[in-house]
Amino acid sequence: MNRYHAWRASRARAAAGFVYQPEPRTIGRFAKGRQIIGGQFLFAGHLIEAPGVSIWDIKSPDLAFETELHSFEWLDDLAAVGDSAARGLAQTWTQEWIARFGKGRGIGWTPDLTGRRLIRWINHALFLLNGQGREATEGYYQSLAHQTTYLGRRWHVATPGLPRFEALTGLVYSGLALLGMERSIGEALDALERECAEQVDAGGGLPTRNPEELLEVFQLLNWAATALSEADKRIPPDQIAAMDRIAPTLRALRHADGGLARFHGGGRGLDGRLDTALAQSGIRTPPRDGLAMGFARLSAARTTVIVDAAPPPLGPTSHNAHASTLAFELTSGRRPLIVNCGSGKPFGEAWRSAGRATPSHSTLMIDGYSSSRLGGRRRIAGYDREYLIETPRDVRLKQIGDEGGTGLIAGHDGYVSTHGLTHVRAIDLSSNGRGVAGEDTLAVVNDEDRPLFKRAMDRSKLQGIAFKVRFHLHPEVDAEINMKGAAVSLALKSGEIWVFRHDGVATLTVEPSVYLEKGRVRPRPSQQIVLSHVALEDATRVRWTLAKATDTPAYIRDIERDDDLYS
């Protein structure tokens, strides 16, 4: 069906040129551009070395790899290099795409990919046309018209959310930039306005709860708004309102190092992309107070702590959801310290499943059970075993702030149906940002949960319910456990030393972990601190602290005495 519509669009009259001179707004990576010029193609977690081979002659290892090729995002990287070699490859490969796929062949004819591709072709128009002859230039404009006409007919079949934003932004972009394509603008703007109202909630978040995806949507809206302004066109009110809601949410999800919190399939984002998008928008609203897209933020001085304080997405938006409820990340200055493993999607289905499970996040997990349902009750592969998955239906949060610091107490019921136990996590960040104190509790909080706890104890033959609290470390953190096993010294590349301590109730170990990072061929090895313990009573606590080497913060206030989440 897509091929038929693409073929029909190929009969469209060529665009006559540009209304204004396009300027590149997409950010590329110089290093990756040099790799591409050298014949090293790293896409979707696969590295193929093929010097002197056209990008369209590479045998794609999977659909994700081929999708990245047809998106033309690599054009940003070649433009970042910008020399004659980069320009020559960009021009040759673009003309080859037109010849091979321009009339509807290949996988690139979907609304979201077409929108993504159009934006790059227009952004880098001068790069692609410089020195080109008449035939190549006419072919370029003809293809732009084909793709714009196709988008005008097919944008509505794109999946709501980021794919549809990509399709509509590409349609608006080309309609404003190209002579003869103006007829597509009105319908595209109406649809973009509806999408803003329906997909961006009152708190500036998306249903997927993916921070990097939120940045991508914000960036698309920013580009569309800039193009409208340059064309002296009115920006739709709902688009402006959506951007105004998103900006403070993104600031709340931004760590001290400028990267985004890595949850629900999202990465930290390319260096500088978040700050550039916020600066270009001109929206200066400070970080959102309270929850931002379901995340709680604690910050003091140069330290940020971001906690997932809501249930994972369910339903149509759950395909990339992670079982990360109450997991946190901590960044000190420009250096991440505590992280989540991240999205394993670029490394294949097994890593994708492993990255979604609770053991891949810095939180508590009852042995053999993940805290959240991801698309139904089933088993998914972990590192060396399988984890049953349950759903937290009730997630509660209380934020605390005083002159001594800032903190939160949160809880979820993901283990109630199987064990009668609620996970309660308390985190305090000192006012100078040099110390974090935490407490993780498994407790029976309601009388109706007590029989469930008793049955779980019976299943264990009264040996107790084993659980672990994990703290995944960034790969650039060097961890060294002391001889008595009471503390772990954590050395950052900046020279800072943080010390992890616990109250001695649990068993402390330092174990292997992985850091799943986009743009790499394989997962990066890292480490994790693990506190292992057994719940034998109605309430079992594990207390821990993280502090710079010269600081020794007191343990957090007693939850049972001060917490009213379940009273």
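Values below: every heavy atom of this structure, side chains too, minus hydrogens, waters and symmetry copies.
- Taking each heavy atom of Gly82 and Phe127 in turn, the nearest pair found is CA-CE1, 4.0 Å.
- Separation of the His361 and His322 ring centroids falls under the 6.0 Å cut-off.
- In this structure Phe328 satisfies the ring pair (Phe, Tyr, Trp, His ring centres under 6.0 Å) test together with Trp544, sequence neighbours excluded.
- Qualifying side-chain hydrogen bond (donor to acceptor under 3.5 Å, both in side chains) partners for Asp275, counting only residues two or more places apart in sequence or in other chains: Arg254.
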Review point. Does the pair Ile37 and Asp83 meet the rule for a side-chain contact (heavy atoms from CB on, under 4.5 Å), with working shown?
Key: CA-CA 10 Å; Ile37 293 170; Asp83 61 14; 4.2 Å; yes
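- Take Thr94 and apply the side-chain hydrogen bond (donor to acceptor under 3.5 Å, both in side chains) test, not counting sequence neighbours, and it matches no residue.
- Under a 3.5 Å cut-off, the side chain of Asn222 and the backbone N or O of Ala277 do form a donor-acceptor pair.
- Between the side chains of His412 and Thr325, no donor-acceptor pair of N or O atoms lies under 3.5 Å.
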Tabulate below the donor-acceptor pairs under 3.5 Å that side-chain atoms of residues 267-274 make, not counting sequence neighbours, or state none.
unit_1	atom_1	unit_2	atom_2	d
Arg268	NH1	Asp271	OD1	2.7
Arg268	NH2	Asp257	OD2	2.8

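- Listed by chain and residue number, nothing satisfies the side-chain hydrogen bond (donor to acceptor under 3.5 Å, both in side chains) test with Asp190 (two or more places apart in sequence, or in another chain).
- No salt bridge links Asp201 with Arg209; every basic N to acidic carboxylate O contact stays at or beyond 4.0 Å.
- Taking the six-membered ring for Trp and thresholds of 30 and 60 degrees, Trp93 and Phe41 have ring planes inclined between 30 and 60 degrees apart.
- With Thr249 contributing its side chain and Ala292 its backbone, the two residues share no donor-acceptor pair below 3.5 Å.
- Looking at residues two or more places apart in sequence or on another chain, you find a ring pair (Phe, Tyr, Trp, His ring centres under 6.0 Å) between Tyr515 and His474.
- Salt-bridge formation is detected for the pair Glu212/Lys518: a Lys NZ or Arg NE/NH1/NH2 atom is positioned less than 4.0 Å from an Asp or Glu carboxylate oxygen.
- Side-chain contact between Leu69 and Ser60 is present, with at least one heavy-atom pair separated by less than 4.5 Å.
- Closest non-hydrogen pair, Leu516 versus Ser343, comes out as CB-O, 3.4 Å.
- No donor-acceptor distance shorter than 3.5 angstrom exists from the side chain of Gln147 to the backbone of Gly102, with no hydrogens or angles considered.
- At least one donor-acceptor pair under 3.5 Å links the side chain of Glu182 to the backbone N or O of Gly180.
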Review point. Does the pair His472 and Ser362 meet the rule for a side-chain hydrogen bond (donor to acceptor under 3.5 Å, both in side chains), with working shown?
Key: CA-CA 6 Å; His472 292 275; Ser362 294; 5.2 Å; no
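- Taking the six-membered ring for Trp and thresholds of 30 and 60 degrees, Trp109 and Tyr150 have ring planes more than 60 degrees apart, a perpendicular arrangement.
- With respect to Asp289 and Arg297, no salt bridge is recorded, no charged nitrogen being found less than 4.0 Å from a carboxylate O.
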Check your understanding: Run the side-chain contact (heavy atoms from CB on, under 4.5 Å) check on Leu397 and Val395 step by step: do they pass?
Key -> CA-CA 7 Å; Leu397 172 72; Val395 181; over 6 Å; no
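- Here the closest heavy-atom approach between residue Ala86 and residue Leu78 is recorded as CB-O, 3.4 Å.
- With respect to His264, the side-chain hydrogen bond (donor to acceptor under 3.5 Å, both in side chains) criterion is satisfied by exactly one of Asn210, Asn340, Thr208, Asp308: Asp308.
- In this structure, Leu326 and Ala410 approach most closely via the heavy-atom pair CD2-CB, 3.6 Å.
- Distance alone, capped at 3.5 Å, is enough to place a donor-acceptor pair between the Glu195 side chain and the Gly161 backbone.
- In this structure, a donor-acceptor pair under 3.5 Å is absent between the side chains of Gln280 and Thr226.
- With hydrogens and angles ignored, the 3.5 Å screen pairs no side-chain donor or acceptor of Arg356 with any backbone N or O of Ser324.
- Counted by atom type alone, His255 and Thr304 present one or more donor-acceptor pairs between their side chains at under 3.5 Å.
- Remark: side-chain polar atoms of Glu329 are paired, donor with acceptor, to backbone N or O of Arg262 under 3.5 angstrom.
- Judged purely by atom type and a 3.5 angstrom limit, Ser184 uses its side chain to pair as donor or acceptor with the backbone of Met181.
- The side-chain heavy atoms of Phe218 and Leu250, taken from C-beta on, include a pair separated by under 4.5 Å.
- Under the 3.5 Å distance criterion, the side-chain polar atoms of Thr358 are matched with a main-chain donor or acceptor of Ala323.
- Listed here is the closest heavy atom pair of Leu192 and Ala224: CD2-CB, 4.2 Å.
- Shortest non-hydrogen contact noted between Leu189 and Val172 is CD2-CG2, 3.9 Å.
- Between Phe72 and Trp56, the gap from one ring centroid to the other is short of 6.0 Å.
- Evaluation of the ring pair (Phe, Tyr, Trp, His ring centres under 6.0 Å) rule for Phe347 yields no partner, not counting sequence neighbours.
- Remark: Arg522 CZ is loosely packed, at most 12 non-hydrogen atoms of other residues, nucleotides or ligands lying under 6.0 Å away.
- Between the side chains of His46 and Asp62, at least one donor N or O lies within less than 3.5 Å of an accepting N or O.
- Among residues two or more places apart in sequence or in another chain, the side chain to side chain contact (heavy atoms under 4.5 Å, CB included) test is passed with Leu42 by Leu47, Val521.
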Review point. Should Trp121 and Ser174 be marked as a side-chain contact (heavy atoms from CB on, under 4.5 Å) after you check the CA-CA gap, both sets of side-chain angles, and the distance that decides it?
Key: CA-CA 10 Å; Trp121 282 28; Ser174 56; over 6 Å; no
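- Residue-environment remark: NZ (Lys345) stays at or below the threshold of 12 foreign heavy atoms within 6.0 Å.
- Under the ring pair (Phe, Tyr, Trp, His ring centres under 6.0 Å) criterion, Phe263 pairs with Phe295, sequence neighbours left out.
- Residues that satisfy the side-chain hydrogen bond (donor to acceptor under 3.5 Å, both in side chains) test with Arg524, not counting sequence neighbours, are Glu517.
- Residue pairs that meet the side chain to side chain donor-acceptor pair (under 3.5 Å) test with at least one member in residues 67-80, sequence neighbours left out, are Thr26-Asp76, His70-Trp97, Ser71-Glu73, Glu73-Arg116, Asp76-Arg120, Asp76-His124.
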Exercise for review: Apply side-chain contact (heavy atoms from CB on, under 4.5 Å) to Leu118 and Tyr173, showing your working.
Suggested key: CA-CA 8 Å; Leu118 271 176; Tyr173 221 61; over 6 Å; no
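- Among residues at least two apart or in separate chains, salt bridge (Lys or Arg N to Asp or Glu O under 4.0 Å) pairs with a member in residues 225-247 are Arg25-Glu230.
- No donor-acceptor pair closer than 3.5 Å links the side chain of Ser143 to the backbone N or O of Tyr140.
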